[in-house]
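One structure is given here, and the rest of the page talks about it.
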Amino acid sequence: MPEKDRSSLRHHQGLNISFLQAYQRERGYPRHSHDYYVIAVVDSGLQSFLHGGTRYVTPVDGLILDKVN
């Protein structure tokens, strides 16, 4: 039986940093941007995103650094 999607969001008040840990099989997000920095590490599976009309795939052990605005 496949694992169910899950996520948890925590925030460190002193450093003002949020930490999202998630397992998502097929979740998609509508097009969006961030007005803050995002650092993501893919530790299993893969993650893909569109940027400038090009689809990028981040494999296992891949790192994503993003600040759009």
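Just so you know, these numbers use all the heavy atoms, side chains as well, and skip hydrogens, waters and symmetry mates. Each residue takes its place number in the sequence, starting with 1.
- When side chains are defined from C-beta on, Asn16 counts as touching His11, because their heavy atoms get closer than 4.5 Å.
- Tyr36 contributes atom OH, which lies 8.0 Å from atom OG of Ser18 (distance to the nearest 0.5 angstrom).
- The cluster map of Ile, Leu, Val, Met, Phe, Trp and Tyr, joined by side-chain heavy atoms under 4.5 Å apart, puts Val57 and Val42 in different clusters.
- Heavy atoms only, all atoms of each residue included: Gln24 and Asp5 are closest at CA-OD1, 3.4 Å.
- Put simply, the side chain of Ser7 reaches to within 4.5 Å of the side chain of Leu20, judged on heavy atoms.
- When all heavy atoms of Val60 and Asp43 are compared, the closest pair comes out as CG1-O, 3.8 Å.
- A 4.5 Å side-chain heavy-atom check between Gln21 and Arg6 finds every atom pair outside the cut-off.
- Put simply, the residue from Asp61, Thr58, Leu63 that forms a side-chain contact (heavy atoms from CB on, under 4.5 Å) with Val41 is Leu63.
- Between His51 and Tyr56, the ring planes lie tilted relative to each other; the angle falls in the 30° to 60° range.
- Taking CD1 from Ile39 and CZ from Phe19, the interatomic distance works out to 11.5 Å, rounded to the nearest 0.5 Å.
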